[in-house]
Every structure is written in C-alpha cells, then in structure tokens.
Amino acid sequence: MIDSADRRLGDRILAALELAIDQQELEIAEQLWRALELALSRYGGPDAFEKRDPPANLDDVLDRLFALRHAKGC
C-alpha cells in the first residue's frame with residue numbers, strides 16, 4: 001500500500017530516478033532529474049501551497065547520478 005507521502009509526484013519521480021540509476025540508464029536518469037527539479041521547485045516560496053523539506057536521500061541520489069555520469073564518460 002502506498003502511504004500519502006509516496007503519492008506525491010516528487011516522491012514517485014525520485015523512486016523512478018533511483019531505479020534508472022540502478023539500471024545504469026543515464027539518459028533516462030538525466031530526464032528524471034530535470035523532472036524532479038521542476039517538481040521540487042513547486043514547493044517553495046512564500047505563497048507555496050505546501051511546505052516540505054527535500055527528501056532525506058536527495059544528496060545520495062545526486063551523488064549516485066554524478067557517479068553514473070562519470071562511469072559513462074559524461
């Protein structure tokens with residue numbers, strides 16, 4: 001069962017990004033990273049509908065994306 005936090009678009013994109021990195025799919029991971037940036041940027045600002053901190057594992061996922069870029073020679 002999916003809890004309420006996992007129903008958020010950013011959480012689903014982050015899960016897909018992690019899967020793309022696990023499967024060494026750099027091009028897909030890059031697109032998902034851009035989508036995640038857009039989704040997370042929607043939460044900020046003084047008039048934001050919802051206030052929430054970035055996902056706790058965001059730095060780790062970004063480190064893994066950088067490592068995949070390096071491994072693929074990008």
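All heavy atoms count here, side chains included; hydrogens, waters and symmetry mates do not. From a predicted model like this one, the values you see are computed outputs, not experimental measurements.
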Task: Transitive ILVMFWY side-chain link Leu19 to Val61, under 4.5 Å - done: no

Task: Gap between atom CG of Leu68 and atom CG of Leu26 - 0.5 Å precision - done: 4.5 Å

- [ ] Under the side-chain contact (heavy atoms from CB on, under 4.5 Å) rule, collect the residues that match up with Ala35, sequence neighbours excluded.
- [x] Ile13

Task: Closest approach of Ile28 to Ala20 (non-hydrogen atoms, all atoms of both residues) - done: CG2-CB, 4.0 Å

TODO: Would you indicate whether the side-chain heavy atoms of Leu40 and Leu58 approach each other to under 4.5 Å?
DONE: yes

Task: Heavy-atom pair of closest approach, residues Ala29 and Leu65 - done: CB-CD1, 3.9 Å

TODO: Could you note down all residue pairs passing side chain to side chain donor-acceptor pair (under 3.5 Å) where residues 65-74 supplies at least one of them, sequence neighbours left out?
DONE: Glu30-Arg69

Task: From CG (Leu32) to CD (Glu25), nearest 0.5 Å - done: 10.5 Å

Open item on the list: With a 4.5 Å cut-off on side-chain heavy-atom distances among I, L, V, M, F, W and Y, is there a chain of contacts connecting Leu17 to Phe66?
Closed with: yes

TODO: Would you mind listing every side chain to side chain donor-acceptor pair (under 3.5 Å) that reaches into residues 54-63, with sequence neighbours excluded?
DONE: Glu18-Asn57

